[in-house]
Structure formats: structure tokens, C-alpha cells
Amino acid sequence: MSDQSPFIRRLEQVLDWARSFCILISSLALVTLVTTFGWLVFGRYVLNVTPTWVEQLALLLICYIAFLGAAAGVREDTHIGVALFRDMMPFTIQKVVMVAIDLMLAAFGAIMLIAGITLMKFGWDTALPMLEIPESFRTLAITSCGALIFIFSGSRGLIRILTFRAWSPEADLKDL
Amino acid sequence: AELRGWNIHVEDYPVSIAMESFMAEVAEKTNGEITGKTYHNGVLGNQPDAIEQIRLGVIDFGEFSLGPMGQSVPETNVVSLPFIFKSIPQMYKLMDGEVGEAIGAGMMKKGMVPLGWYDAGARSFYNSKTPINTPADVEGLKIRVMSNDLFVKMVESMDGNATPMAFGEVYQSIKTSVVDGAENNPPSYESTNHYEVAKYYSLTEHLIIPECLCMSLKTWEKMTPEQQAILKEAGQNSAVKQRELWQAREAASMETVKAGGTIVNTIADKGPFQAAMAPVYDGFLAANPELTDLVNMIRNAD
Amino acid sequence: MGLAILLCVFGVGVVIGAPVAFAMGIAAAAAFWYEGFPLLITFQRATAGVSVFSLLAIPFFVFAGEIMLHGGIARRLVKLASALVGHLKGGLAMVNIFSSMLFGGISGSAVADISALGSLLIPVMKERGYRPDFAVNVTVTSSIAGIVIPPSHNMIIFAVAAGGGISVSKLFLAGVIPGILMCVCLAIAAYILSIKHNYPSEPFPGWGEVGRSAADAIPGFMTAVIIVGGTLSGVFTVTESGAFGAIYAVLLTKFYYRDLSWQSFVRSVTGAVRTTAMVMILIAFASSFAYLLALYQVPAKLSTLLVSISDNPIMILLMINLILLILGMIMDMAALILICTPIFLPIAKGLGMDPTQFGIMMLINLGLGLCTPPVGTCLFVGCAVGKIKIEQALKSIWPFYVAILGALLLVTFVPQVSLWLPSLYD
Ligand code: NA
Ligand code: NA
């Protein structure tokens, strides 16, 4: 999309920055996961003392890897889907369908965000075993995922509507 | 209305049979106004998820262990204190009386209505190394415990090495000496085949954690007072049935493990074990001063 | 009615090309809404589906695979394979298949296998006069052997879906022979095609070179040995073995091979994060979806239906295979394992099939689905790496389909293929 308005270019920049932030956090979570598990193995077999918090921390980290990584995947458009049938449709219909998917995902993201907030409130007085922090820290992952999907998909839908005439699904492929 | 019930156990387990008879009694006494279906085998998720679902009113009733419930209902943590009940009959008596009411009040606050207290037996230590007769015998043993700070401290206060580990990995871990043993009630010790790899079963009976047949408060509030009375009565009757079935099951399991070569020992004097738990109680009461009365209510009962 | 909503919303989502994971989530949310449940149950199930202890092995396997790819281990395995089988007719095709067997998809991720081996081998094959579609098809189909050759994270997903009664060690062992068998069948197909198209063979580099490349590759191959061996010995849990394997691969490529730059480390981490997230988000929303299927008692109803169609075990097994194949074509693996295991495993058990054997059968089936349109992740990636159109690949892929189907039938009807090795271990 070469003929972008400055607004859209700026927006895309901010979204890419948010995407990179997701990948950064998930990457740190993965490195922490590997390191703490190394520590667990070392503790159990060498020091003969098992660090009891590692497993529960790992269950927390995996949620962040999964949901923040998935949100980044929405921005990068790398989630597994079937383009075959859509590609058989006429060009304009394809564009309409893709905008519809964007808006549907944005709506789903919004529901995820609201549900996530409710779950966080609900889980505030439930402690995660061994870590003794509120369960809400686990649900924070899906809450952020909802917010990010809402932003990523919503803005993509918006950009596609704004540039509806100029934009073609094939040009999108070239961007990848 | 058709109620949905959650249960983690297989269909022919004492709990499952009792739950079925609970729903059958309710359906009969309400002339079919209230019916229900129990989803066994945990197909609707594991216990922490199910507790959340029952509080949200997604499922209407369920049977839960009070152990993991402590993460959301502080009062239930009290029964996870080692050696708090002196025996199973005492636990029945207290749970059917004022202790059960106090814990139940805590559950009501979190959206669950207890209908009957089920029995999950007493948990005892087993290991592949040595019979346990005194707390000193636990010293240096690597014992798998459930993921709960109290159980970790329980083992640590006897100088054992507490190892939280997924339940499914315990058999292989004992076999290969990753851990020396674990702790559980006789039916679990038997059905998981852990007795094949850990042949010393020492009846410390350190944890007597009752279970609860509960209803979602959201569902409960939709019922008429007559229906609520029927539910309470059926819940109580199902508990009586479950306890009988459980004891038969426990006796059968003890037969099996003994026939399989398990060396069972009883504890002549639980005094030293109880004394060793002082730091666990102190830590617990320091962190939960509001539960002091409840703890004392159970400890001072005879 | 609720079930109809669930399936229709999902079906429409898939057909219009929505991401499969979110199509499942949206369908589940719609069905929950219809049933009068709070919508947040969709997300409670999704979070619960991801926070499963056994699944923690997935990021470790995937990360180890990425390190092998970016830290030069994959390249060394290909070199060893070239020295060993490059002199056969259609040498590079054999190298391709044999490398996949060695690489074994440490990650169990067929896609990692394709990007690792395909980007190395497809250009070379094209240069040496192999047709691009042939090169792509060999790469794509052989990559799915990595799903059954241990270690494999899909086996862990299966063990979780089966409810925990199945030992991962046993699954690892059960996959070895079927994996090799698949490679042999594929090699036969490639050999016949190589004769037909007169593809070249590479010169034999001499035993000295074989020895040197083996010495160079073996420390890298040890990553897989550590993961599988740690699990089988029972000294480590699968998860611990995976973590240990990943740490070993990092240390080896950094300090012994000296091939791991900061950039390639970062690429490995971010690559692993992306792959893990992709798999986990499928698992997450498949959990919401599967919750509803359980609520509607689909497993029980479907198995009653299936058994009512035929009481001949062979027919039923063929039908299960056919259903899995068709589902595999339109959905992705991780989600299908979670959804189909509770449905078909009880039927297979009822026919006296060992759950472990069923697992291997299912994995091969769903793996084949990864090489078929319309949802065929491996095929897509392979075509992207080989820079050809999917239609082009499809024209000549059928001999490889036949090869894998042959292996699949052997696994289905000859229990020993999968169960002999685990029986030695007990
Ligand atoms: Na290959
Ligand atoms: Na497919």
C-alpha cells in the first residue's frame, strides 16, 4: 500500500511497535521459562532441593507466550486459515469478506477484553498455588490479548475501509 | 429444569454413584421438576476451572475436594492442616455439625451452597525406602506433595524434601527414584499402582480432607424453599451413601495392596507428628488470624 | 440447536478464511451465548486449556528445534545425510528424506522441518535438475515423519487429550518404526520417480568424509537423544527433558560449534515464540470448542452412530481413518487432536485397539492432512520455500500420498508396527 496517507502510515508504525512489544514480552517469558526449568532440574538433581514455585510460574508464563504471541500473529496475519474458497470469489466480494473478518475479530477481541476484565475481578481473591499472587495475573494475559486483537483487527478493518478502492488483496500478499 | 453437574471421577466411583443417586432422589421428590445430568470423568474441566464455573453459574452442581478449594475459599484451608481431625468418625461428626456450618458459610460467600460432606479418606505416606514410624523417618526423603504451600511446609517441618509434581508423573518418578514416595489415600495408592513401586505404606493419616457436594448459589436462588429443602435432604442422604461406599472401597484397596506385597504399618503414637506440625500451624495462623477460632474449634473438639 | 450453531458458525468462519483458532473461539462464544452461559466461559476454558502442565514441553521442543535450525545443527545433519545416501539414484531426494528422519522434527513441528531442510535442499535440488514440484513434494511429505519420530510435541498433546492415562515414553517408542516406515515408503516412491525422470546421484565422498561429517553431526543429534533418552529413562519428566535438551542445544551451538550469533539466538527465540503461540492459541480455543462438544455429548452420540453403521472392526477403523483424513484436510493438527481424541479413542479401545497405536495412527492421518489443501500448513510453507504454486505441487504429489497411505494402513492393521518397540521397554 504505497499511496498511504500520513495518518495511516503513523498508525501502522504504532501498531508495529505494539506488535514488537508483544513479541518482546513473550520472548522474555520463553527465556525465563527455559532458565527457571534449568534451575529446577539443577535444584532437584544437584542441590537436592526442589524449587517449588517453578512449575506454577511456568503455567503463568505459558499464558503470556500463547496470548501475546497470538495477538502479534493477528497483526502479522500469520494465523492458520483457509484462503482457498475465498480466493475463488470475485474480487470485490473478497475485499468485503476480508473486511468482515477484520471486524468480526475486532468484536471478538472486544468481548475477550471485557470477559478478561470480569475474570480478573472475579479471580482477584483466588490465589495461584505456590506463587500466592492473585489468579488475575493469569487472566491478564487473555485480557491484554483481547485488547490487542481489538486494536490490531479493528485498525486493519478501518484502514481497509478507508482505502477500499485502492487496496487489493493481492497487494497485501506482496507486502508479506 | 435440567441441571448440569461436574464430577472428576469415573462412573463407578463411590462419589459418582452417590451423585447419581442424589439426582435420582431429587427428580423423584420434585416429581420431575428438577432433573439433572452429571458429567463424569472431568469432561467439563479440572477442579479449579469447575469451581470457577460453579461460582459463575455455568454448571449447577459439583463434587469438590476442599483441598484445592482453599485457593478461593479461605475457610476450607483449615481442613488442609495436617492432623487437624483426629479420625474419620470425628471428621463426620464435626462436618455434619458446627464446623461444617462455619466452612459452609465461607463457601456461600463465594457462591457455593454445600449440600453434603463426602469422605475422601485419610492420606498417608508411602515410599520405596523405609517404614515411617516417627517424624525423624521422613528426614531426607523426597516426597511428592500436591501443589499447596501447607503440604510443602508439612514435609519440610519433618526435614523431608517436598516435591510438588504433576500426579501423572509420580509412578515413573518413584520407579526411577526421582522421588522416594508420595502420600495419598488407599484407593488412590492402589488404583494408580503406586504400591508396585513404593512398598512401605505408613498409616500416618496426616490429612483428612473432606469433599463437598455443592450447588451453585445462582441456581440455588432460583429454587423454591420446598425445592431447597428437598435438595438439602437428598444431598445429606447421598453423603451417607457415599461414605458407606467409600469405606467398602477403601477396605478392598487395602486388601489388594497387602496381597501385592505392600508393608503396611500403623503409627503407635501420632503425638510426635502433631508436635512437629507446630511451625505449620503457627505460620498458618499468623497468615490467617481470622481463622483462629475455626482452627481451635476443631482442635479442641473430642 | 446449540450444536448446530457451534458447527455452522465454525464452518462459515473456516470457509471465508478466518483464522481457524478464532473461528473456533467465535463459534464457541456463539454457542455459549445461545445456551445462556456467561460469555466469559469461552475465555476461562481457553486459559485453562493452555495452563496444562504437560503442554509445557511444547515451547521447549519448539525452541530446541529453532536453535538446531539457526545454530547449524540442521546443516550438519544434512551434510551427514548427503555423505551417507547421496550416491543413491535421486540422491538429493534421499538426502532430503533421510535428513528429515534424523532431524526427526525435534520440535515435532513439520513446518520447522520444512523451513530448515527445505531452504537448504530445495534450491540445490533445483540446480541439479530436479523438477521444483518434485523437490517441494519430497520435502513436504517427508517432514511429517517428524511428527511420529520422537520427540514430538503432538504426542504430548495426544497424551493430554487422552486424559493422562497414556505414557509419553511409550508413545515416543511407538512412533519410531512407523516414522522410519513412512520414510522408507517415501524413499521408494522417490526412487521410482527418480528413475523415471533420470535424476542424478551425487558422487560418494569416501568413508573418511562420512566419518568426519558423522563426528561433526553427532553432538548436534545428541539434542534429540537427550530429550528422548531423558524421558525414557524416567530420570527426567518430558518437560524437564525438553528444557534440558533446549539448554544443551544452546550451549552446544554457542560454545562448541560456535555457530550461534546473538542475531540467530534472537531469531530462534522469536521464532519459537511465534510457533508456540500459534499452536497454543489453537489448543486454547479448541478447549472451549471441546467443552461444548462434551456438553452436547457428541463423542457418545458419534460413536453410537459409527457402531450402528457397521459392526465390522476393519470397516470401523477405515471409517475412522477416513473421517480423520477429511478433518485433517480442513483443520489443523493440534486442535483436531484435542477434539477427536475423546471422540474416537473410546471407539478404538472398544475394538480392542491399543491407545498408543491409535495415537500413532491418528498422528499420521492428521500429518497427511498437513500436506493437503485447503488447510495444509506444510504444503503452503513448502510451496513458499520452493517458490511454486500450490496447484503445481498438487499435480505430482499423489505418489507420495500413496506412500504415506501405505504406511498408514500398515500402522492401522498391524499392531506390532507401533507396539513392538514399546513392548521391549516394559
Ligand atoms: Na525432508
Ligand atoms: Na490439510
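The structure presented is a predicted model; accordingly, all values stated were derived computationally and were not measured. Letters go in sequence order (proteins before strands), and every chain restarts at 1.
Taking each heavy atom of Leu30(A) and Ala272(C) in turn, the nearest pair found is CD2-CB, 3.8 Å. The two residues Arg86(A) and Gly17(C) make their nearest non-hydrogen contact at NH1-O, 3.4 Å. The two residues Ala70(A) and Ala277(C) have their closest heavy-atom pair at N-CB, 3.5 Å.
Across Gly242(C), Pro19(C), Ala243(C), the residue that shares the most heavy-atom pairs under 4.5 angstrom with chain A is Pro19(C). Between chain A and the residues Thr270(C), Leu56(C), Ile390(C), the most heavy-atom pairs under 4.5 angstrom are made by Leu56(C). Between chain C and the options Val74(A), Ile62(A), Leu60(A), heavy-atom pairs under 4.5 Å are most frequent for Ile62(A). Top candidate by heavy-atom pairs under 4.5 Å with chain C, chosen from Gly73(A), Ala58(A), Gly38(A), Cys145(A), is Ala58(A). Ranked by heavy-atom pairs shorter than 4.5 Å toward chain A, the options Ala29(C), Gly25(C), Ala21(C), Gly13(C) are led by Gly25(C). Annotation: maximal heavy-atom pairing with chain C below 4.5 Å, among Ala72(A), Ala71(A), Ala66(A), occurs at Ala66(A).
For chain C, the nearby part of Val41(A) is the side chain; its heavy atoms alone come within less than 4.5 Å. Neither the backbone nor the side chain of Val279(C) comes within less than 4.5 Å of any heavy atom in chain A. For Ala46(C), the parts lying under 4.5 angstrom from a heavy atom of chain A are both the backbone and the side chain. Looking at Ile283(C), there are no atoms closer than 4.5 Å to chain A (heavy atoms on both sides), in backbone or side chain. With a threshold of 4.5 angstrom between heavy atoms, Ile114(A) does not approach chain C through any atom at all. Ala18(C) touches chain A through backbone and side chain together, each having a heavy atom under 4.5 Å away. Using a 4.5 Å cut-off between heavy atoms, Leu59(A) touches chain C through backbone and side chain atoms alike.
By the 30° and 60° cut-offs, the orientation of the rings of Phe67(A) relative to Phe285(C) is perpendicular.
Atom CE in Met280(C) sits 8.0 Å away from atom CD1 in Ile65(A) (nearest 0.5 Å). One finds the CG atom of Leu40(A) at 7.5 Å from the OG1 atom of Thr237(C) (value rounded to the nearest 0.5 Å). Here CD1 of Ile111(A) is found 6.0 Å from CZ of Phe43(C). Values are rounded to the nearest 0.5 Å. Remark: Met112(A) CE to Phe22(C) CZ distance equals 5.5 Å, nearest 0.5 Å. Interatomic distance, Ile93(A) CD1 to Ile16(C) CD1, rounded to the nearest 0.5 Å: 12.5 Å. Note that the OG1 atom of Thr47(C) and the CZ atom of Arg138(A) stand 8.0 Å from one another [nearest 0.5 Å].
Within a 6.0 Å radius of CZ in Phe53(C), other residues, nucleotides and ligands contribute more than 12 heavy atoms. No more than 12 heavy atoms of other residues, nucleotides or ligands shown are found within 6.0 angstrom of CZ on Phe21(A). The number of heavy-atom neighbours closer than 6.0 Å to CH2 of Trp53(A), taken from other residues, nucleotides and ligands shown, is above 12. Counting non-hydrogen atoms of neighbouring residues, nucleotides and ligands closer than 6.0 angstrom, the CZ atom of Phe37(C) exceeds 12 such neighbours.
Looking only at side-chain heavy atoms (C-beta outward), Gln44(C) and Ile142(A) stay at 4.5 Å or farther from each other.
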